[in-house]
Every structure is written in C-alpha cells, then in structure tokens.
Amino acid sequence: MFILVNLKAYPCDPVEVATAAREVSEESGVRIAVSPQAADIARVAETGVETWAQHVDPNDYGSHTGSTLSEAVAEAGAEGTLVNHSEKRLKLADIDGSVRAAERAGLETCVCANNPAQIGAAAALGPDAVAVEPPELIGGDVSVSSADPDIVEDAVAAAGHVDEDVEVFCGAGISSGDDVDAAGDLGATGILLASGVAKADDPRAALEDLVEPL
Ligand SMILES: O=C[C@H](O)COP(=O)(O)O
C-alpha cells in the first residue's frame, strides 16, 4: 500500500512532516510520499522522503508566467505529481497535457477524479495511477472506505476495464490504519490523505497509526 500525504496549503511544518514520513516509511517498510506546496518541494525532498508535486501545468519551457513547470518540480526533487485534484480541477485537454508534461520530466502521475465514470476517463489518459475522492467527504471525519465503499470498488472496476496497469488509489476522510486496511480490502493500492496528518497535533503518531496494520 502506498500512502501519499498531501499537505495542501495547510499551515503545518512541511519539513517536520516530511522527516516523520521518511522515518515511519523506513521503520515500517511502507512506501510513504509527501506532497507539499511547490515552493517547499526542494526542502521537503532534502529530507529524503519521496516527494510529489500537488499539480503541474501542461506547458513546456517558454513564456508561461505563473505556471508550474514539470521540469522545474523534477529538478527541485519531486518524483511524482498529482493532476486534477478536486481542489485544482482541470479541463480534460489540460489533464492530458499535464500528464504528458509530467511524463516528459520523468514524474510519476496520479490523476484525481470524483467518481468511477471520471476514473475511467482518467485511466484512458494513461497515468500511472488514478485516485477517487468524493468531494463531499474530503476534509471530513468519515473515511471514503467506510462511508462509500462502493465508489472505491466501482473505481477499481472502471480503471481495470480501461487499463489494468493503472493503479487505483482512494482518498477523503482517511485518518486511521483501519481506514487504510478497509481501502485495501476494497481493491485500492494507495491512499491519498491530507488533514489526518497535516492537521494532526503529532504527525508522526498519525503516520504510525496509518501504517500499523500494513
Ligand atoms: O489530497 C487529499 C484528499 O483531498 C483527502 O483529504 P483529507 O484526507 O483531508 O480528506
């Protein structure tokens, strides 16, 4: 199981979370990555934790002021990127362009989507992974794996129908090892989570709880 911790724009210490994530990953053997703000990618990557961008734009080098260039985040130390997060929605052509841009820079890709139908469309674009996240559960106290298990199973089926090589992650409201375990039972191979770690009083303890059953 892969655990991808999205720090969003929460006012946490990204280096503290990244250091804890690297240590918990090493101790548990569970793959854990941290996705900070673009401006924090380099210092998060310097901790040794696997680092992901939260977004990249479709553009190449050139006159694109304000863009997030895939090559720049890769150069800063990112190994992967989210695309089309629920809080950073893109048009279909731009999702495709961002996945292609990320591939060009050697970044692993995870395209987020709201529901199984969108997961099928996202999988058709050939990312490494897709992540299903019901928007109404994001940031809440109830995990997708307990509140809406069907959406996870249906997303796994939808992606598999299009391309069996695309991994399927799930996210929203996940904060405990039991939630992670339940998601795995539903067929997810990765977890995308944020508030359960980024807003925790003790991020290290939160991470230890997440990997405990794995
Ligand atoms: O990127 C993470 C997801 O939006 C889930 O956020 P959450 O764990 O705070 O529900």
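Atoms within each ligand, like the ligands themselves, are counted from 1 in listed order.
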Q. For Arg43, what residues pass the salt bridge (Lys or Arg N to Asp or Glu O under 4.0 Å) criterion, not counting sequence neighbours?
A. Asp40
What I want to know is whether [X] and ligand 1 share at least one N or O pair that is separated by under 3.5 angstrom.
{"X": "Tyr10", "answer": "no"}
{"X": "Gly139", "answer": "yes"}
{"X": "Leu193", "answer": "no"}
{"X": "Asn6", "answer": "yes"}

Specify the protein heavy atom at minimum distance from [atom]: its residue, its atom name, and the distance to 0.1 Å.
{"atom": "atom 6 (O) of ligand 1", "result": "Lys8 NZ, 3.3 Å"}
{"atom": "atom 2 (C) of ligand 1", "result": "Glu133 OE2, 3.4 Å"}
{"atom": "atom 8 (O) of ligand 1", "result": "Ala194 N, 2.8 Å"}
{"atom": "atom 9 (O) of ligand 1", "result": "Ser195 OG, 2.5 Å"}

Q: Check whether any heavy atom of Gly173 sits under 4.0 Å from an atom of ligand 1.
A: yes
(Q) Looking at ligand 1, is there an atom of it that comes within less than 4.0 Å of some heavy atom belonging to Ser86? (A) no
**Q.** Test item: Leu186 and Ser145 side chains (from C-beta on) under 4.5 Å apart, heavy atoms
**A.** yes
Q: Side-chain contact test, heavy atoms from C-beta onward, threshold under 4.5 Å: evaluate it for Val144 versus Val132 and give yes or no.
A: no
**Q.** Met1 reachable from Val130 in the ILVMFWY side-chain graph, under 4.5 Å edges
**A.** yes
Q.
Main chain of Ala117, side chain of Asn115: is a donor-acceptor contact present, judged purely on distance under 3.5 Å?
A. yes
Q) Any donor-acceptor pair under 3.5 Å linking the side chain of Thr81 with the backbone of Trp52? A) no
Q: Over 60° means perpendicular and under 30° means parallel, so classify the ring planes of Phe169 and Phe2, tilted if in between.
A: perpendicular
Q: Just go through Gln54, Lys199, His85 and tell me whose heavy atom is the nearest to atom 1 (O) of ligand 1.
A: His85
Q | Where ligand 1 meets Ile138 - atom numbers and elements under 4.0 angstrom, heavy-atom basis | A | 4 (O), 6 (O), 10 (O)
Q | Charged N-O contact under 4.0 Å between Arg204 and Glu16 | A | no
